[in-house]
Undergrad: 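Okay, here's the structure, questions in a sec.
Numbering of ligands and ligand atoms starts at 1, following listing order. Small disclaimer: the values here were computed from a predicted structure and weren't measured.
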Amino acid sequence: MRLSKAFVPTLKEIPSDATIPSHQLMLRAGLMRQLTAGVYAFLPLGYRAIRKASQIVREEMNAIGAQEFHLPALNPEALWVQSGRRNIPNFILSIKERDLVLAPTHEEVISWIASSGIQSYKDLPQIWYQIQMKFRNEPRPRSGVLRGREFLMKDSYTLDASWEGLDKSYDAHLEAYKKIFTRCGLNFFVVGASSGAMGGTGSQEFMIESLHGEDTVALAGKSGYAANLEIAKSDVPKIGRLPSDNKIEEIHTPNVRTIKQLMEFLNVDHMRLAKSLVYRHNGKPLLILMVGNDQLNESKLVSALGGGAIEPMDATELNKLTGADAGSIGPIGLEGFRIIADRRLEEANGLVSGANKNDYHLINIDLKRDVEVDGYFDLRTIEPGEPAPGTTEPLKIANGIELGHIFKLGTKYSEALNVKFLDETGELKPVIMGSYGIGIERIVACHIEQNRDDNGISWGKSLAPYHVHVIPVNMNSKETVLQANQMYRRFTEAGLETIFDDRENLSAGFKFKDADLIGMPYQVIVGEKGLKNGQVEIKKRRTGERIMVSIELAVSEVQRLLQE
Ligand code: ATP
Ligand code: MG
């Protein structure tokens, strides 16, 4: 590609609307432009990287026997009503005049195809995938292509006759994903993730660690524990029982507002203060008891409740139902509420809580004796430093960007959308499904996050839009221009993807800066000094190392470097 004829609109300044490095560099290197919030146009250089990432994904999916589809982005709204996902908040963009929606993912369409296409166990297993646009009603598109409203996803779906079959299909994806992200030059890790509202039986996410990540994960390097904070567990102890067996007592606690004040006023350990949180679950009042300083994890809460809609109860409503304000609520004498508690409180006694009467607390509550707790669940968010499960190793908390997600769906969609097969005994059964996604733009943006320096992008070989960037130092020297043209021709003929900066009237300094910014792995610098000795210079973008080679050996030297 001759830069004089190409469209590579590089920018000297950092665009003010871009805050994270990959977003800034994708704009500055002329890879893409934002059309409107969360919607990006890929320009030629950027699209080459996208295609390379897609091709790696495609090869590894094909290698596990997956078959490529191309499914419509426009879906009938009714299909999403049938699956029960039409009204998930911030999910679906729709075209109202035609009762169509833009598919945010494709479980529904896959199920529609399978419902008529799969008849018997002999038709199973199947692995189906596509690489296609997805649309999502993201409320806050940001961080460039990392969170778009329109984005490319590789999504695959497995259809199995048995749960063992699902495990196999899932494991094949786990291994394929590791190969994909390794080939894409990413330094990634895998974490256990929430199956949450989707109601599946297992799920893992692939992440890169990044300060800009929207996910939070708990990691313990030595023991290998890694989990999304949504599900992360620790071996923090239960608070246990005190020897005393005192009766509940009501204490007047005026002007005691904070947990610290309450601890001092009642002279109790903070762990004995049971905090009451009040929610509605599918509309019904729910009281959640937690150890005073622990934080409720809403994602764990939803899993514990087996899905459904949760929302904190608002203050006026709470007062109407209980006669007290949020700080004075407790489990004793509370009517019409389901009460659940965090595991740390299992068996606990000697607890303090609100008395459902403003400015009063109850002491000596024994959950075994005094409260009908409808289940103890792991509901708290872990804290850094707590021991990883089954170890003494302290957990560290980090931010991550999710690259991909693999998910054992089970039979949720096959039940809802009637995907059934006849098993060996002639019984009609729901197909057991899995679903697996990878964000293609996220691969490219994460690759840039991990492969860059102050001067720009420093592409790894597998995703680099081009391999080689030929730069003539002085366009006024006829000999330089002639030799540089020949270099360009030789590299291209050897099958190397090559950029040639043949632009006139630009200083060498300007060209070098541009080359570092767009970041191809090898620069071949053709200058008068070297030519005197029949040589050109090869600069390795990543290390800055420079080597002089003879004109004849330049191509083979770069080929050798690419293979290293
Ligand atoms: P997130 O938790 O980041 O919102 P998600 O859980 O909604 O993502 P999935 O539905 O599992 O994502 O989608 C599969 C993959 O698609 C994700 O792992 C991610 O790489 C990519 N992806 C999801 N949403 C977006 C988006 N808005 N923009 C770009 N890529 C996305
Ligand atoms: Mg996710």
Side-chain angles (χ1 to χ4, degrees), residues 20 22-23 26 32 34-40 42 46 50 53-54 57 61 73 80 83 85 88-93 102-108 110 129-157 170 173-174 176-177 180-181 184 186 188-200 202-208 210 212-217 227-231 298-299 302 399-409 412-413 433-449:
I20 85 164
S22 58
H23 188 190
M26 287 177 85
M32 53 81 161
Q34 179 179 297
L35 177 61
T36 184
V39 180
Y40 294 89
F42 272 89
I50 290 284
S54 306
V57 171
M61 292 311 297
W80 290 82
S83 73
R85 289 209 284 186
I88 294 178
N90 306 326
F91 197 39
I92 292 182
L93 287 159
L102 287 160
T105 169
H106 276 88
E107 282 83 5
E108 277 72 359
I110 288 287
Y129 82 102
Q130 61 167 346
I131 298 174
Q132 192 243 26
M133 287 328 293
K134 297 283 183 277
F135 300 84
R136 288 197 184 171
N137 195 7
E138 298 281 355
R140 284 178 302 280
R142 72 196 127 174
S143 311
V145 299
L146 287 172
R147 185 165 298 286
R149 289 199 171 122
E150 172 180 331
F151 58 96
L152 262 181
M153 197 200 287
K154 184 289 296 177
D155 45 323
S156 45
Y157 306 88
Y170 182 93
H173 275 84
L174 181 69
Y177 275 39
I180 288 168
F181 298 128
C184 289
L186 293 163
F188 66 95
F189 56 92
V190 190
V191 301
S194 168
S195 318
M198 295 270 280
S203 128
Q204 284 164 294
E205 290 166 338
F206 291 73
M207 303 239 174
I208 67 156
S210 162
H212 311 291
E214 290 180 41
D215 282 277
T216 317
V217 294
N228 196 305
L229 209 62
E230 293 172 346
I231 63 153
E298 288 198 352
S299 164
V302 173
N399 290 329
I401 301 173
E402 179 190 321
L403 290 159
H405 193 173
I406 56 177
F407 202 99
K408 293 183 184 175
L409 285 175
K412 180 178 154 126
Y413 295 92
M433 293 174 64
S435 138
Y436 317 83
I438 291 181
I440 303 291
E441 288 97 336
R442 282 197 193 175
I443 290 183
V444 172
C446 288
H447 181 93
I448 293 172
E449 285 293 330

Undergrad: Taking the six-membered ring for Trp, are H23 and Y40 parallel (under 30°), tilted (30 to 60°) or perpendicular (over 60°)?
TA: perpendicular

Undergrad: Under 4.0 Å, heavy-atom basis, I'd like to know which part of R136 is in contact with ligand 1: side chain, backbone, both or neither.
TA: side chain

Undergrad: For Y436, is there any backbone N or O sitting under 3.5 Å from a side-chain donor or acceptor partner on Y129?
TA: no

Undergrad: Can you tell me how the ring of F91 sits relative to the ring of W80, calling it parallel under 30°, perpendicular over 60° and tilted otherwise?
TA: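 Aromatic pair F91/W80 classed perpendicular.
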
Undergrad: Checking the N or O distance criterion of under 3.5 Å, is ligand 1 in contact with G148?
TA: yes

Undergrad: Taking 4.0 angstrom as the limit, do R142 and E214 come out as a salt bridge?
TA: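 E214 and R142: salt-bridged.
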
Undergrad: Looking only at heavy atoms of L146, does any of them come nearer than 4.0 Å to an atom of ligand 1?
TA: yes

Undergrad: Could you see which bit of T105 sits under 4.0 Å from ligand 1, with heavy atoms only: side chain, backbone, both or neither?
TA: neither

Undergrad: State whether the side chain of E150 and the backbone N or O of V39 hold a donor-acceptor pair below 3.5 Å, judged by distance alone.
TA: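 Checked: no pair found.
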
Undergrad: Return the option from P104, A193, G144, G439 holding the heavy atom at the smallest distance from atom 21 (C) of ligand 1.
TA: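 Ranked by closest heavy atom to atom 21 (C) of ligand 1, first place is G439.
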
Undergrad: Provide the number and element of each atom of ligand 1 under 4.0 Å from a heavy atom of G404.
TA: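 Per the distance check, 18 (O).
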
Undergrad: Is there a polar contact between ligand 1 and D215, counting only N or O atoms under 3.5 Å apart?
TA: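 N/O-N/O distance below 3.5 Å does not exist for this pair.
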
Undergrad: Are the side chain of R442 and the backbone of L403 linked by a donor-acceptor contact shorter than 3.5 Å?
TA: no

Undergrad: Looking at ligand 1, is there an atom of it that comes within less than 4.0 Å of some heavy atom belonging to I443?
TA: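 Contact absent.
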
Undergrad: Do E441 and I50 touch side chain to side chain, with heavy atoms closer than 4.5 Å?
TA: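 They are in contact (side-chain heavy atoms under 4.5 Å apart), so the answer is yes.
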
Undergrad: Would M153 count as a polar contact of ligand 1, with the cut-off being nitrogen or oxygen pairs under 3.5 Å?
TA: no

Undergrad: For L403 and ligand 1, does the shortest N/O to N/O distance drop below 3.5 Å?
TA: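 Such a contact does occur with ligand 1.
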
Undergrad: Specify side chain, backbone, both or neither for R147, according to which of its non-hydrogen atoms lie closer than 4.0 Å to ligand 1.
TA: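 R147 to ligand 1: contacts from backbone and side chain alike.
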
Undergrad: Between S435 and E107, does a side chain to side chain donor-acceptor pair (under 3.5 Å) hold up when you go through it step by step?
TA: CA-CA 8 Å; S435 138; E107 282 83 5; 2.7 Å; yes

